[in-house]
Chemist: 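Below you'll find the structure I mean.
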Amino acid sequence: METQLLMASVKANSLAAQLLRTGQVVAIPTETVYGLAADATNPAAVQRIFEAKGRPQDNPLIVHIAGQEMLAQVVAAWPPAAKRLADAFWPGPLTLVLPRAGGIAPAVGAGLATVGVRMPAHPVALDIIARAGVPLAAPSANRSGRPSPTTAAHVLQDMAGRIPLVVDGGNSPVGVESTVVSLAGKPTVLRPGFVTPAELSEALGQEVALAPSVQGPAEESGPVESPGVKYRHYAPKAKLTLVEGPLPAFAAFVAVKSTETPGVYAMCFTGEEKTLAVPAVPYGAEDDPKTQAAGLFAALRQLDEAGAQQVYARMPAGGGVGLAVRNRLLRAAQFRVESET
């Protein structure tokens, strides 16, 4: 299969919508990361997402809508808490997990009675969904387990020959996937993202809980309630280890490791490259988690392109949006963490 790459335009968006209506899979830009989209009401189209990604069938998908008038096709209930959060954060990087409507393909929910739904804050995504006229299931447009794509070029690295079209809408400004909140019981963050727990709590007027899998491994035998919580995710080809501690200790640590193992690279904060004895790729400013989020996945892919075999990464502090950055790095490293003081 030949994969077309087209800059977003009326013509490209219309072609994407036409392909989606006929059951094809198309990569589209969103504000978080690029998504691999298909008609969420078409079981055969949804299955093509799993095949293109090599994604486990028990890993659910998030459904994207262009307006709240589409909600009736996606969810069977719309409680007051959902309305408050949607009014506060949609369009935007927030996914709400609610009872699934009967018209959504069962595979979208990976066998569960719930479904995640969001309205992306990207004009190209919204236009394509509206033109298609159906809600779109759209996980990140990468091979399963790989770093998520934040540019059309990243999508082609993983999906060339697997899908018919990639619509290029520029760099994804947020850079990490949406916050996922379950409203099936007490409001609970299943996956952290750009919308923080504090912001959610303020909008709801009550404390929002954090699922144990936000900062630790999920139960391998349990159901997968949200994407990005059970399997190895976001990982480069190299072995990744996180290092917690100040820069001088980190620099000394990687200098020693470089004498013991070939192919050692560092992943650091902006401006630290010149202090390190090994090749280093920055992923954002130490005091600005939003820049870390925007640069994280591109940095992981850059390390692959450089041929890194072992990567040691500076651990972010983890507050606010930094919780999402820390979560992605922990999963990419399979929770390998070294402490240096």
Side-chain angles (χ1 to χ4, degrees), residues 33 140 142-151 153-158 171-172 174-177 192 215-217 228 231-341:
V33 299
S140 55
N142 55 286
R143 295 299 302 277
S144 188
R146 295 269 293 134
S148 299
T150 55
T151 70
H154 294 164
V155 178
L156 286 176
Q157 287 172 2
D158 285 9
N171 291 2
S172 298
V174 169
V176 293
E177 299 83 353
Q215 302 195 72
Y231 297 97
R232 182 175 184 254
H233 280 278
Y234 323 116
K237 295 173 184 175
K239 181 180 179 181
L240 176 65
T241 301
L242 308 183
V243 182
E244 199 147 26
L247 177 59
F250 177 77
F253 177 84
V254 296
V256 170
K257 291 296 182 180
S258 69
T259 66
E260 301 173 348
T261 311
V264 170
Y265 278 68
M267 191 168 160
C268 62
F269 299 123
T270 303
E272 295 179 347
E273 308 95 301
K274 57 184 175 295
T275 70
L276 301 173
V278 300
V281 175
Y283 69 100
E286 182 174 12
D287 60 353
D288 189 350
K290 291 181 179 180
T291 65
Q292 297 167 18
L296 176 62
F297 291 136
L300 290 171
R301 285 179 177 266
Q302 187 178 339
L303 288 161
D304 279 345
E305 292 166 10
Q309 297 177 45
Q310 169 69 67
V311 176
Y312 294 100
R314 289 264 274 145
M315 178 77 95
V321 176
L323 178 65
V325 178
R326 192 178 179 101
N327 168 271
R328 303 309 191 272
L329 281 170
L330 283 167
R331 295 201 167 278
Q334 295 184 287
F335 296 91
R336 285 185 294 270
V337 180
E338 298 274 356
S339 264
E340 296 295 314
T341 57

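What you see is a predicted model, and the numbers here were worked out from it, not measured in a lab.
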Chemist: Has the side chain of Q310 got a donor or acceptor atom that lies under 3.5 Å from a matching backbone atom of K239?
Modeler: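 Checking the backbone N and O of K239 against the side chain of Q310, a donor-acceptor pair under 3.5 Å is found.
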Chemist: Might you point out which heavy atoms bring N327 and P192 nearest each other, and give the distance in Å?
Modeler: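 Looking at all heavy atoms of both residues, the closest pair is CB-CG, 3.6 Å.
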Chemist: Distance check, rounded to the nearest 0.5 Å: R146 atom CZ versus K237 atom NZ?
Modeler: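 Here the interatomic distance stands at 5.5 Å.
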Chemist: Is the backbone of P147 close enough, under 3.5 Å, to the side chain of R301 for a donor and an acceptor to pair up by distance?
Modeler: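 Yes: the side chain of R301 pairs with the backbone of P147.
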Chemist: Cut-off 3.5 Å, side chains only: do S140 and E177 have a donor facing an acceptor?
Modeler: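 Note: S140 and E177 side chains miss the donor-acceptor criterion.
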Chemist: Test F297 against H154 for side-chain contact (heavy atoms from CB on, under 4.5 Å), laying out the working first.
Modeler: CA-CA 10 Å; F297 291 136; H154 294 164; 5.8 Å; no
Chemist: Apply salt bridge (charged side-chain N to carboxylate O under 4.0 Å, His left out) to E338 and list each qualifying residue two or more places apart in sequence or on a separate chain.
Modeler: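 Listed in chain order: nothing, the list is empty.
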Chemist: Ignoring hydrogens, what is the shortest heavy-atom contact between L303 and A266? Give both atom names and the distance.
Modeler: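 What the structure gives for the nearest pair is CD2-O, 4.3 Å.
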Chemist: I need the T241 OG1 to M267 CE distance, nearest 0.5 Å.
Modeler: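 If we round to the nearest 0.5 Å, T241:OG1 and M267:CE are 12.5 Å apart.
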Chemist: So T151 and N171, do their side chains get closer than 4.5 Å, heavy atoms only?
Modeler: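 Result yes, sub-4.5 Å side-chain heavy-atom pair found.
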Chemist: Between CG of D287 and CD of Q292, what distance do you get to the nearest 0.5 Å?
Modeler: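 Here the rounded value is 8.5 Å.
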Chemist: Go through the structure and list residues passing side chain to side chain donor-acceptor pair (under 3.5 Å) with E272, not counting sequence neighbours.
Modeler: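 Residues passing side chain to side chain donor-acceptor pair (under 3.5 Å) with E272: R314.
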Chemist: Fit a plane to each ring of Y312 and F253, take the angle between them on a 0 to 90° scale, and name the class: parallel (under 30°), tilted (30 to 60°) or perpendicular (over 60°).
Modeler: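 Taking F253 first and then Y312, their aromatic rings stand perpendicular (interplane angle over 60°).
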Chemist: Counting only N and O atoms by type, is there a donor-acceptor contact under 3.5 Å from the side chain of R143 to the main-chain atoms of D158?
Modeler: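 Flag not set: sc R143 to bb D158 has no pair under 3.5 Å.
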Chemist: If every non-hydrogen atom of A238 is compared with every non-hydrogen atom of A308, which pair is closest and at what distance?
Modeler: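 Residues A238 and A308, closest heavy atoms: CB-O, 3.2 Å.
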Chemist: Give, for atom CZ of F269 and atom OG1 of T291, the distance between the pair rounded to the nearest 0.5 Å.
Modeler: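 So the CZ of F269 and the OG1 of T291 are separated by 9.0 Å.
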Chemist: Just by modelled atom types, is the S258 backbone N or O under 3.5 Å from a matching donor or acceptor in the E260 side chain?
Modeler: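 The answer is no, because no donor-acceptor pair under 3.5 Å joins these two groups.
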Chemist: Closest approach of A299 and V281, non-hydrogen atoms and distance?
Modeler: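 Here A299 and V281 meet closest at CB-CG1, 3.7 Å.
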Chemist: Would V337 and L330 count as a side-chain contact (heavy atoms from CB on, under 4.5 Å) if you check the C-alpha gap in whole Å, the side-chain angles of each, and the deciding distance to 0.1 Å?
Modeler: CA-CA 8 Å; V337 180; L330 283 167; 3.7 Å; yes
Chemist: Using modelled atom types only, decide if a donor and an acceptor are shared between the side chain of Y265 and the backbone of A306 within a distance under 3.5 Å.
Modeler: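 Pair found, side chain donor or acceptor close to backbone of A306.
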Chemist: Could you measure the distance from the CG atom of L300 to the OH atom of Y283? Nearest 0.5 Å is fine.
Modeler: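 Going from CG on L300 over to OH on Y283, the span is 9.5 Å.
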Chemist: Within the structure provided, determine whether L329 and L240 are in side-chain contact (heavy-atom separation under 4.5 Å).
Modeler: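 The answer is yes; the side chains approach within 4.5 Å.
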Chemist: K290: which residues meet the salt bridge (charged side-chain N to carboxylate O under 4.0 Å, His left out) condition with it, sequence neighbours left out?
Modeler: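 Checked K290 against salt bridge (charged side-chain N to carboxylate O under 4.0 Å, His left out); zero matches.
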Chemist: State, to 0.1 Å, how close G319 and P289 come at their nearest heavy-atom pair, and which atoms those are.
Modeler: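 Smallest interatomic distance, heavy atoms only, reads O-CG, 4.0 Å.
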Chemist: Heavy atoms only: give me the nearest S148-V33 pair and the separation to one decimal.
Modeler: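 In this case the closest contact between S148 and V33 is CB-CG1, 3.9 Å.
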